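The block underneath contains the structure these notes are about, expressed in structure tokens.
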Amino acid sequence: MRAAVRTGWRIGAAAAALRGRAGRPLSQAAGEGGGAESGGGGGSGSREAVERLVREHPVVVFMKGSPAQPLCGFSNAVVQILRLHGVEDYRAHDVLQDPDLLQGIKNYSNWPTIPQVYLNGEFVGGCDILLQMHQNGDLVEELKKLGIRSALLDAEKDQEKK
């Protein structure tokens, strides 16, 4: 698996920015029309509204910008990690479009930074945590629990054939 991760990961500007933090970029799984939504969630940052958003889909990301155009390096890294794993069907919410949602999600998770990743309604963490999960293989296992087969497993299988 580590060979597949190394093979699949290209070091770019986002990776270099992340290296000092937690480590590695996430792949943008949902591009334009790829299943991700950007949007605030109706302008409501209430606990109930945020709860609905985190439970609306198995993979939910609160980020700056959209998967097609992330507006910060950490949001881009999360998108890249998901893309690397082949996760294309997820919900992305641009917190910059809705200040109430921005504050609401921070209050909901008790986590001060964006991006924030939720798997099956459970808060996973931000870019640093997702990167760590990617690096140690935990993300593959968590995706499997959601019925999502990581593309890295196929890449690894292809490497073994060579």
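Heads up: numbering here begins at 1 and tracks the sequence. Values in this document were obtained by computation on a predicted structure and should not be read as measured data.
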Task: Nearest-0.5 Å distance that lies between atom CG in D100 and atom OG in S46 - done: 9.5 Å

- [ ] Could you grab the distance from atom CG of L71 to atom NZ of K64, nearest 0.5 Å is fine?
- [x] 9.5 Å

Can you see which heavy atom on [X] is nearest to which on [Y], and at what distance?
X    : Y   : result
P115 : V78 : CG-CG2, 3.5 Å
A68  : P70 : C-CD, 3.8 Å
V59  : Y90 : O-CB, 3.3 Å
M63  : S75 : CB-OG, 3.5 Å
V50  : G45 : CG2-O, 3.9 Å

Task: Distance-only donor-acceptor check, side chains Q132 and N136, under 3.5 Å - done: no

- [ ] Would you check if there is a donor-acceptor pair between the side chains of H57 and D89 at a distance under 3.5 Å?
- [x] yes

Same cluster or not: are [X] and [Y] linked, directly or through other Ile, Leu, Val, Met, Phe, Trp or Tyr residues, by side-chain heavy atoms under 4.5 angstrom apart?
X    : Y    : answer
W111 : V95  : yes
L130 : L146 : yes
I129 : I148 : yes

Do [X] and [Y] come close enough that some side-chain heavy atom pair is under 4.5 Å?
X    : Y    : result
H85  : L139 : yes
R149 : D154 : yes
N107 : R47  : no
T113 : F74  : no

Check residues 118-125 and write down every donor-acceptor pair under 3.5 Å in which the side-chain atom is one partner and the other belongs to a residue at least two apart or another chain.
residue, atom, partner, partner atom, Å
Y118, OH, Q116, OE1, 3.1

Open item on the list: Going by side chain to side chain donor-acceptor pair (under 3.5 Å), name the residues that satisfy it together with E141, two or more places apart in sequence or in a different chain.
Closed with: none

Open item on the list: Does D94 form a side chain to side chain contact (heavy atoms under 4.5 Å, CB included) with L101? I'd like the steps, not just the answer.
Closed with: CA-CA 9 Å; D94 182 354; L101 178 61; over 6 Å; no

Task: Residue pair K106, I114: steps toward the side chain to side chain contact (heavy atoms under 4.5 Å, CB included) verdict - done: CA-CA 8 Å; K106 288 179 178 183; I114 301 296; 4.3 Å; yes

